[in-house]
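Worksheet for the structure shown next.
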Amino acid sequence: MGKPNVFPPIALASVAAVLEKHHAVNIIDAPTEGWENLLELDETKYRVGLSAQTIAQRVTDWKTDVVVLEIPFSGWSKTAFESHPSFKDVNKGITVVLFGLHPSSRPADCLQIPYVDFVVIGEPENTVSELVEALDKKKTDFSDITDWGSSKTANQSSTPNANS
């Protein structure tokens, strides 16, 4: 059985490029940066990437307000959900936004994860930018933003399938 591969985070880089027009942006490419950290979970599953402690330390050092996390495949969701609750341990006020194929196809499931605040459904660049802008302005009404779901608004969304 082959070991896991890592790939360039093109979607994450695209989101960062849009955000950096108005915000300070730092990227953690955990699978690639921690490619040498291979943990065999069982005979068919591996986990690769930076440890939750390393990621939490960077988030602490950067004094971040919003963490945008890409989950490109459902097969990576378990690792993401296990290794990233430390964001809220770093700062209870951090807002966590998920995007990617898994959150887009399973938004209601993702919103059940205690540390997740928002899920972006579909193409992330504009929606993430609009959410971050609204959060920066301390808005609580996100009705003018499309393609998202939120745990902060009792899972209400501007997109019908976000809660299905």
Measuring from atom [atom1] of [X] to atom [atom2] of [Y], what distance do you get when rounded to the nearest 0.5 angstrom?
X: Asp117; Y: Phe87; atom1: CG; atom2: CZ; value: 11.5 Å
X: Ile121; Y: Leu98; atom1: CD1; atom2: CG; value: 11.0 Å
X: Ile94; Y: Asp65; atom1: CD1; atom2: CG; value: 8.0 Å
X: Ser143; Y: Trp148; atom1: OG; atom2: CH2; value: 8.0 Å

Practice item. Heavy atoms only: give me the nearest Ala16-Val25 pair and the separation to one decimal. Key: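 Residues Ala16 and Val25, closest heavy atoms: CB-CG1, 3.6 Å.
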
**Study point:** Considering all heavy atoms, the nearest Pro103-Cys110 contact
**Key:**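 Minimum heavy-atom contact is CA-SG, 3.7 Å.
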
Exercise for review: Could you pull out all residues at least two apart from Asp144 that satisfy side chain to side chain donor-acceptor pair (under 3.5 Å)?
Suggested key: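 Result, side chain to side chain donor-acceptor pair (under 3.5 Å) vs Asp144: none returned.
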
Exercise for review: Not counting sequence neighbours, which residues clear side chain to side chain donor-acceptor pair (under 3.5 Å) with Glu123? List them please.
Suggested key: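 Once residues adjacent in sequence are excluded, Glu123 has no partner under the side chain to side chain donor-acceptor pair (under 3.5 Å) criterion.
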
Practice item. Evaluate the side chain to side chain contact (heavy atoms under 4.5 Å, CB included) criterion for residues Leu12 and Asp29: first the C-alpha distance (whole Å), next the side-chain angles of each, then the deciding distance (0.1 Å), finally the verdict. Key: CA-CA 9 Å; Leu12 186 60; Asp29 181 4; 5.7 Å; no

For [X], which residues count as a side chain to side chain contact (heavy atoms under 4.5 Å, CB included) partner, sequence neighbours excluded?
X: Arg58; value: Ile28, Glu33, Leu50, Thr54, Trp62
X: Ala13; value: none
X: Ala11; value: Glu70, Phe99

Practice item. Kindly indicate, with the supporting measurements, whether the criterion side chain to side chain contact (heavy atoms under 4.5 Å, CB included) is fulfilled by Leu135 and Phe142. Key: CA-CA 9 Å; Leu135 292 165; Phe142 305 101; 4.0 Å; yes

Practice item. Check whether any side-chain heavy atom of Val128 sits under 4.5 Å from a side-chain heavy atom of Val18, and report yes or no. Key: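 Side chain of Val128 against side chain of Val18, heavy atoms only: no contact under 4.5 Å found.
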
Check your understanding: Ser104 side chain to Gly122 main-chain N or O, any donor-acceptor pair under 3.5 Å?
Key ->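 It does hold such a pair.
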
Review point. Taking Ser129 for the side chain and Glu125 for the main chain, is one N or O donor matched with an acceptor at less than 3.5 Å?
Key: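 Pair absent, no side-chain N/O of Ser129 close to backbone of Glu125.
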
Check your understanding: So which pairs with a foot in residues 7-26 pass side chain to side chain donor-acceptor pair (under 3.5 Å), sequence neighbours left out?
Key ->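 Non-adjacent pairs meeting side chain to side chain donor-acceptor pair (under 3.5 Å): His23-Glu133.
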
Check your understanding: Ile113 and Leu101: same hydrophobic cluster, using ILVMFWY side-chain contacts below 4.5 Å?
Key ->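 Different clusters.
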
